[in-house]
Amino acid sequence: MKSLVEVVVSNNSYNTDRLFTYEVGDDQKESIRLGQRVLVPFGRGNKPVQAYVFKILGQKDTDFKVKKIIEIADYDPILTKKQLDMVEWMRENYICTYMDCINAICPKGIGLENYKVAVLKNTPKDPLSEKEEIIVGEIQKSGSASIEKLTGKFGSAKKIISALEKKDVIEIVWEYKKLENKKYVETVRLCIDYEDIDINIERLKKQRAHKQAEAVEFLRYNDECIKSDLKQITGASQATIKSLLQKGIVEIQKEEYYREPDQQDIEESDIALNDEQKAAVRHIGKGFSEGFSKPIVLHGVTGSGKTQVYIEAIEKAVSLGKECIMLVPEIALTPQTVSRFKARFGEGIAVIHSGLSAGEKYDQWRKMKKGHANVCIGARSAIFSPFENIGIIIIDEFHESSYKSEMSPKYDTIELSKIMCNMHGAGLVLGSATPSVKEYYMCKTGEYDIIRLEKRANNKLPPKIELIDMKREIDSGNRGIFSRRFLKLLGDALERKEQAMIFLNRRGYSNFVYCAECGFVLKCKRCDISMTYHKDIGGVKCHYCGHKEKMPQACPECGENALETGGMGTQRVVDEIKNMYPQSHILRMDRDTTSRKGAHSHIIQKFRRKEADILIGTQMISKGHDFPDVTFVGVVSADATLNYPDYKSSEKTFQLITQVSGRAGRASLPGVVALQAHDTTHYSIQHAKDYDYEGFYDKEIRLRKTFGYEPFGNILSIVVSGRNKSSVMNNIYKIHEGMTYVLAKKGFEDFSFIMGPSECPMAFINMKHRWQMVIRDSGIDIEFLKKIVRFVCITKRSKIIDEDVNVSIDINPSSIM
DNA sequence: AGCACGCCGACT
DNA sequence: GTCGGCGTGCTC
């Protein structure tokens, strides 16, 4: 009988994606716990690897040999018990490995470095060669030497080392080093009595230790000074402080320090709630006393003050001693929300988003883990906050596609939130002005609760939306980007010294470059995508792989000097507006102008301070920002996103128009929206124009039902990608074959629910060919389907699929391009 | 993944 | 006869 545990071993191999049994040593029995990180010998070479304790089996016997845990890596479990359950669930449902899930949940920066070292074993029986002597000497110097260093130092070390090993002179063993990315702040303080300070200073001066005397002088009035500050202010060096330390004059204290990512200006804004908001807070609050039975959708028009409702609900949870998670689409985009939360909850806030470095993320994680933060605000990965007792999870703008992960595991944050809430007995609030059709359907069927906020918080009417038919504009001779009405409304706003926003969901200057002579279109060398012209850099860029090139002088195909640009992007809009309104100050916000850290909030701040009249941008300008002086919003091409071969494109268009329109007239001034479109008859544009969510929903849900899309059915996509096209094709067919083989064995004859294999609509991206299979769950149980996909693509992966391709599995993908 | 084992060709 | 090339398969 041995004391046994089951662990998940940390390596990214599909072949080791299962639980392994290890023995717990007698000295470890006391401290072993679920979710802990341990170090285990693994494989034939007994290489030490990290592992995570998933099950504690207790006293058991096994019919196979077990190894012993080397050590417990950290006393406090990295994963909570609930997170372990979450890992199991994700692995099962998103068809991925244990480690895919653990990597998504755990912060980076707690790692392990492995290396082989040579140590001396026996004194040699026979005399050694000259080279062997050198190596042995090197090992002797410090008792052990890493193989890597030895081979780096001496070219032929590898051969000699193995010869020495064979002679039993040395032994190769594994060593490891724990990598910890903690930041400490060191504070210096005097540890002599106040009365003795002068005596000490005198003594130091006599010793001609002026720098030290100066430092002591400074500390007399500034006790507990941060070491780096002390150095900077008094000019003291490391040596100065060290000798003071040795003389026993000062002491240094190490404290854990949490890097605080962005020190935003914190603005206090305590707004009194209106009746609707109060009712919403009451409704949510009821859950804390009566229990939360179902998710709550908070459907509030833009500007209805949803954030204030969130704050009140979180306040309530905090006062009950519970923890809260507040999810936002992309935190870098909503600094205002963060600062409002910071104003209300102060130090107890942890902030997680993609702009943070690994170290900063780790710090925020520890802050929560240690209970120094009880509210986490962040992008989708904040759902993995290591809280033990969650009271409420809020997802703001929950319809946003950024809540679906792009990387394996391709999780759906809303789905995970539901599971988390069930485990913690917490409430789930989904807020949006434009709920996704799927979730709204759940409200209709009664699976979700719904609260409506129909009034804008300031009681203002929403801005009037004017729909402008660009076809008619062309017919009447205007071939420009902007209609006359658009320019009139923009000009009016500028004349009144108010601000304007212009939205176009495409960056760059123009989205394709073509030859007027032969019709050739410039495409990316790495992708099968047309290049976008960027006037500011005088070159073309590929928006899929980031590849940049100079703009060619002549057509690469026919050699004629006839290259022209077509289509438009934000840069061209800026150019044209600048031409028409030379006096106006224009800011552009898109991925090109915000790539630098902090550039995003810089632009926002500038526009808020009214240092510019017009803000031109993409998606980024559409959400969350509150600019009180914006009275005009222009949408250059409302139907641009409508023609994608994607079943969600209508929904996305409706949402985008509604969100953008909501930017106008948020304060006392009335707003107006100019909506330009070539196809003005489309239902998503028509309903968006009238703020008619219900009308849009009715139409959309009928279409979804007809075609069996969400929420009436599920889609599972398998994409194989790789550099070698024939290998990609070969492998997707092997997966297809593997699946149909298993299905046939289970009695299936009709495989019409599997579409493809076929080339992806975007068939070549970043030097990789892409082929896909799209599977619908009509006539087959989705859980059964997942099991088969797992068997073929994960369990039997190395038997079926070649090494040179990547397989990506996505359940209900947000797009099948 | 990463390592050991093992089977084969090129060399002392 | 032996060294080391990489193909194969296993990891508690």
Side-chain angles (χ1 to χ4, degrees), chain A residues 1-26 28-29 32 34 36-73 84 87-88 91 96-104 106 108 111-118 129 131-132 146-148 151 155-168 171-177 179 407-409 722 727 793-807:
Chain A
M1 295 272 273
K2 288 167 183 165
S3 179
L4 301 176
V5 292
E6 285 188 322
V7 303
V8 168
V9 171
S10 170
N11 62 6
N12 36 341
S13 162
Y14 293 94
N15 303 319
T16 54
D17 180 50
R18 56 201 150 99
L19 297 171
F20 288 90
T21 312
Y22 278 87
E23 187 186 346
V24 185
D26 287 333
Q28 297 160 342
K29 273 182 195 159
I32 196 88
L34 282 177
Q36 258 172 346
R37 213 161 46 114
V38 294
L39 217 60
V40 296
F42 193 68
R44 276 188 247 238
N46 283 329
K47 180 183 175 175
V49 292
Q50 280 186 77
Y52 299 84
V53 179
F54 265 62
K55 280 189 187 128
I56 295 179
L57 301 178
Q59 299 290 320
K60 282 266 168 65
D61 277 321
T62 55
D63 43 12
F64 48 84
K65 64 176 177 23
V66 289
K67 295 177 186 174
K68 272 189 179 170
I69 290 172
I70 300 169
E71 71 164 353
I72 294 170
L84 291 181
V87 167
E88 297 274 10
R91 174 173 174 269
C96 60
T97 64
Y98 278 114
M99 282 315 296
D100 283 335
C101 305
I102 292 171
N103 287 333
C106 290
K108 308 275 171 291
L112 188 73
E113 198 183 11
N114 278 315
Y115 47 93
K116 276 182 169 175
V117 295
S129 74
K131 282 182 177 172
E132 285 173 338
S146 89
I147 304 293
E148 207 179 324
T151 47
S156 53
K158 244 184 190 162
K159 274 186 187 169
I160 304 161
I161 290 166
S162 59
L164 284 168
E165 199 188 0
K166 213 160 258 178
K167 287 186 195 169
D168 238 15
E171 193 181 6
I172 311 288
V173 292
W174 279 100
E175 244 175 48
Y176 56 90
K177 196 163 61 186
L179 299 175
M407 282 198 303
S408 189
S727 178
C793 298
I794 306 244
T795 316
K796 293 281 170 204
R797 185 187 171 113
S798 55
K799 291 249 185 325
I800 297 172
I801 301 162
D802 294 324
E803 289 285 311
D804 64 337
V805 295
N806 184 279
V807 180

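Any value given below was found using the heavy atoms of this structure, including those in side chains, with hydrogens, waters and symmetry copies removed. Keep in mind that what you see is a predicted model, and the values were worked out from it rather than measured. So that the names make sense, note that chain A is the first sequence line, chain B the second, and so on, each numbered from 1.
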**Student:** Can you name the closest pair of heavy atoms from A/L34 and A/L84 and give their distance?
**Tutor:**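 Heavy-atom minimum between the residues: CB-CD1, 4.0 Å.
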**Student:** Quick one: pull up CD in A/E23 and CD1 in A/I69 and give me the separation to the nearest 0.5 Å.
**Tutor:**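 Output value for this atom pair is 9.0 Å.
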**Student:** Rounded to whole angstrom units, what separation is found between the CZ atom of A/R18 and the P atom of C/dC12?
**Tutor:**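 After rounding, the gap between these two atoms is 9 Å.
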**Student:** What nucleotide, of C/dC12, B/dA1, B/dC5, holds the atom closest to the side chain of A/R44?
**Tutor:**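 Out of C/dC12, B/dA1, B/dC5, the nucleotide with an atom closest to A/R44's side chain is B/dC5.
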**Student:** Check the distance between B/dG2's P and A/N11's CG and give it to me in whole angstrom.
**Tutor:**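 To the nearest whole Å, that distance equals 8 Å.
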**Student:** Between A/N46 (CG) and B/dG2 (P), how many Å, whole number?
**Tutor:**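 Distance, rounded to whole Å: 16 Å.
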**Student:** Within a 6.0 Å radius of atom NZ on A/K799, are there more than 12 heavy atoms belonging to other residues, nucleotides or ligands?
**Tutor:**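 It does not: A/K799 NZ has 12 such atoms or fewer within range.
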**Student:** Of A/S13 and A/G45, whose closest DNA chain B nucleotide lies nearer the 5' terminus?
**Tutor:**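 Closer to the 5' end of DNA chain B: A/S13.
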**Student:** Starting at OH of A/Y14 and ending at P of B/dA1, how long is that distance when rounded to a whole Å?
**Tutor:**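 From A/Y14 OH to B/dA1 P: 8 Å.
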**Student:** Is atom NZ of A/K67 surrounded by more than 12 heavy atoms (other residues, nucleotides or ligands) closer than 6.0 Å?
**Tutor:**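 Yes, the 6.0 Å shell around NZ holds more than 12 heavy atoms from other groups.
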**Student:** Under 4.0 Å, heavy atoms only, any strand: does A/Y22 hit a base, just the sugar-phosphate, or nothing?
**Tutor:**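 Contact class for A/Y22: sugar-phosphate only.
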**Student:** How many whole angstroms separate atom CG of A/N15 from atom C1' of C/dT8?
**Tutor:**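 Result: 12 Å.
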**Student:** Whole angstroms only, please: what is the CD-P distance between A/E803 and C/dG9?
**Tutor:**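 Going from CD in A/E803 over to P in C/dG9 covers 14 Å.
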**Student:** Can you tell me how far C1' of C/dC12 sits from CG of A/L39, to the nearest Å?
**Tutor:**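 Rounded to the whole Å, the gap is 15 Å.
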**Student:** Taking CZ from A/F42 and P from C/dT11, how many angstroms apart are they, rounded to a whole number?
**Tutor:**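 That distance rounds to 9 Å.
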**Student:** Among C/dC12, B/dA1, B/dG2, which nucleotide sits nearest the side chain of A/F64?
**Tutor:**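 The answer is C/dC12.
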